[in-house]
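Below is one structure; the comments refer to it alone.
Letters A, B, ... are given to chains in the order of the sequence lines, protein chains preceding strands, and every chain is numbered from 1. Just the heavy atoms: all of them, side chains too, but no hydrogens, waters or symmetry mates, feed the values below.
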Amino acid sequence: MAGLTTRPLRGDTAKSQRGSEETPFIKWLLICIALGFVGVFLVLPLINVFYQAFHNGIGFYFESLREPDTLSAIQLTLVITLIAVPMNAFFGMAAAWAVAKFEFRGKALLITLIDLPFAVSPVVAGLVFVVWFGRQGFLGNWLDAHDIHIIFALPGMLLATTFVTVPFVARELIPLMQANGTDQEQAALTLGANGWQTFWYVTLPSSKWGLIYGIILCNARAMGEFGAVSVVSGAIAGQTETIPLRVDKLFHSATSAAGVASFAVASLLALLALLTLVIKSYLEWRTERAYALAQRSESNSA
Amino acid sequence: MSIELRNVAKQFGAVIAVRGVSFSIGHGELVALLGPSGGGKTTVLRMIAGLEMPSSGDIFIQNQRVNDVSVRHRNIGFVFQSYALFKTMTVFKNIAFGLKIKKWAKSDIDFRVAELMNLLELNGLEKRYPHQLSGGQRQRVAIARALASKPSVLLLDEPFGAVDAKIRQELREWLVRLHHDLNVTTLFVTHDQEEAMEVADRIVIIAKGTLEQIGTPREVYEQPSNEYVARFIGVMNVLEANVTSGIARVGEMEFPTSSALDGPARIGFRPYDVQVSTDLACYRYRAVIKHTFFLGIMLRLELEMNSGLVIRTRMTKEEYSQLGLDDGKEVSLQIRKYRVLASQSGPLSSEVAYTYQMPPTIAEGI
């Protein structure tokens with residue numbers, strides 16, 4: 001409760017006339033720069049995507065989405081996402097649980113490693129898999145002999161996508177689980193709950209919103225990933241093309257109709273981005289509340 | 001025996017938290033585990049609950065060795081210092097949690113939860129979430145949750161630590177009443193000796209991981225087993241004295257001792273054992289009232305003797321005004337009872353009652 005009473009009232013801060021306050025000119029200049037930047041680099045291109053997509057009319061728009069290679073790209077993207085996202089949700093929860101609830105050596109290293117995919121260029125990530133599983137790679141001969149295809153096939157694309165999206169769920173869950181602590185789990189144990197019941201009734205509900213938020217971000221990235229997937233896929237039309245690869249290929253083909261089609265396909269990704277933004281804002285609000293609750297009960301009991 | 005510890009020790013890495021502690025608690029007792037912060041008392045409680053494994057020794061609950069029994073099968077109720085209520089569940093669901101896990105029938109759960117809500121005066125709060133409750137309400141929900149499945153022992157970790165002073169007093173009385181009604185064996189951890197004295201039937205004093213004494217509040221107060229307990233329980237004046245030929249001297253004060261050994265010794269006495277009079281001839285020593293502290297019904301006086309020695313005493317307001325005391329006033333005093341405090345862990349010699357007789361004066365009888 002203390003947090004509520006000590007928080008300054010909003011009206012006070014808005015009206016304060018501190019000596020450090022900037023002049024109105026500087027204030028508006030900064031706001032214009034920020035808005036201008038967002039407008040030129042984010043909003044205009046987004047509008048342009050939809051403008052280009054509908055350039056040849058609505059009929060052509062749906063026509064280009066219904067093309068077999070495009071449909072196959074959409075299907076492949078969904079398959080990859082449906083496998084990669086649950087895998088990372090599972091891994092993220094396991095990692096967050098380990099980091100938040102246990103003390104062990106190498107914890108700092110684990111947290112750093114979880115962040116690694118954010119630091120490494122996706123192209124490099126893709127190349128790493130090629131070096132391992134490619135025809136000239138370390139395991140290439142063995143895989144060839146057993147007729148297992150990883151590079152230029154679905155498994156490779158899955159590996160690349162999973163690698164790139166590893167951090168999303170874990171990064172969201174770790175701070176939330178740490179704020180929640182282990183008291184509630186211990187209480188559940190003393191009340192007779194086993195590990196699974198404790199997880200299902202106590203841990204999961206209290207970190208639910210963080211988890212969903214992480215999954216949404218992970219999903220958006222998994223569908224939109226280009227770099228790593230492009231290296232391992234070989235972009236064979238109708239077989240190993242995902243939506244981003246399809247957009248790229250259509251855009252670079254010679255005909256103007258293909259150019260318009262590429263924007264039509266790209267508009268799917270743009271729509272996904274917008275949808276993600278909306279869900280993300282809602283979830284941010286929910287997770288903030290979850291944090292506030294975690295901290296409020298902490299500060300009251302401390 | 002409801003709970004029994006036999007030579008239980010716990011080590012965290014290189015740190016020894018509990019050293020060979022043994023004690024037992026009878027059925028239906030209300031016992032306090034008292035000691036300074038970091039003294040190992042919470043570790044003892046958590047080992048009984050099964051939240052920590054003892055490094056050595058045996059723990060028995062209801063005469064059954066439970067070292068290898070997991071927390072969930074020990075049938076204990078545990079109230080955490082932070083209460084650890086389930087944030088995502090309502091008050092009703094919090095209390096019902098253990099029953100649901102133990103697969104009680106729904107009607108039985110409803111009945112039991114209603115019974116507890118009634119007992120703990122939580123009626124009307126069924127649908128509230130923990131963050132919508134006051135500190136005292138949260139604690140009662142935590143106790144209700146711990147009691148729900150009728151545990152054989154109730155363990156509470158610093159149950160009054162997280163609430164403010166006024167509610168703390170209410171909760172103490174309330175815990176005693178609850179224990180009286182339910183008669184469930186209860187063990188609670190506290191660092192507040194006053195709280196332990198007020199609430200518990202018996203007190204287990206643990207410091208630096210070692211068991212110092214077990215006894216009723218009266219026993220540990222009147223017959224402390226060593227200097228540590230004597231100083232920890234209640235308040236005590238401790239003077240560093242020097243013994244020569246059977247008399248311990250500090251400043252102008254003299255304390256006859258039974259020990260024949262010469263050398264340094266500590267003399268301890270309770271503030272209540274200092275007798276004060278405004279009649280300067282009444283007692284042997286003289287002092288000036290340096291400061292009077294107001295503690296509510298009691299007053300604490302700091303008396304400075306001629307040698308600069310400071311002695312603390314307590315008396316009621318009535319006594320104070322009856323005697324006509326005030327800051328700066330000169331008084332005579334004597335120590336009614338005192339102890340020679342031995343080394344920190346050694347046994348204590350019994351208290352010495354001492355009354356100083358004024359030597360007859362020439363004017364006597366006139």
| task | Check step by step if side-chain contact (heavy atoms from CB on, under 4.5 Å) holds for A:Val202 and B:Phe97. | result | CA-CA 10 Å; A:Val202 177; B:Phe97 185 84; 4.2 Å; yes
| query | Does anything in residues 104-118 of chain A get under 4.5 Å of chain B by heavy atoms, and if so which residues? | reply | none
| message | Is B:Phe80 in contact with chain A via its backbone, its side chain, both, or neither, using a 4.5 Å heavy-atom distance? | response | side chain
| said: If the contact rule is any heavy atom under 4.5 Å from chain A, which residues of residues 65-73 of chain B qualify, in numerical order? | reply: B:Val71, B:Arg72
| With a cut-off of 6.0 Å (strictly less than), are more than 12 heavy atoms of other residues, nucleotides or ligands near NZ of B:Lys102? | yes
| said: Counting C-beta onward and ignoring hydrogens, is there a side-chain heavy-atom pair between A:Asn180 and B:Lys87 closer than 4.5 Å? | reply: yes
| B:Ile76 and A:Thr190, any side-chain heavy atoms less than 4.5 Å apart | yes
| Can you say whether B:Leu99 sits under 4.5 Å from chain A via the side chain, the backbone, both, or neither, judging by heavy atoms? | neither
| task | Looking only at non-hydrogen atoms, find the nearest pair between B:Ala84 and A:Ala187 and report the distance. | result | O-CB, 3.8 Å
| query | Is it true that atom CD of A:Glu284 has more than 12 heavy atoms of other residues, nucleotides or ligands lying nearer than 6.0 Å? | reply | yes
| request: Determine the option with the most heavy-atom pairs under 4.5 angstrom with chain A, choosing from B:Lys93, B:Arg145, B:Arg74. | output: B:Arg145
| task | Find the one option among A:Pro205, A:Gly192, A:Ser206 whose heavy-atom pairs under 4.5 Å with chain B are most numerous. | result | A:Gly192
| query | CG/A:Leu191 to CD1/B:Ile101 distance, rounded to the nearest 0.5 angstrom? | reply | 8.5 Å
| query | From A:Gln184 CD over to B:Thr88 OG1, what is the distance, rounded to the nearest 0.5 angstrom? | reply | 6.5 Å
| field | Neighbour count >12 (heavy atoms, 6.0 Å) for atom CZ, A:Phe90 | value | no
| message | Would B:Lys100 and A:Tyr201 count as a cation-pi pair here, with the cationic atom under 6.0 angstrom from the ring centre and within 45° of the axis? | response | yes
| said: For B:Trp174, I'd like to know if atom CH2 has over 12 heavy atoms of other residues, nucleotides or ligands within 6.0 Å. | reply: yes
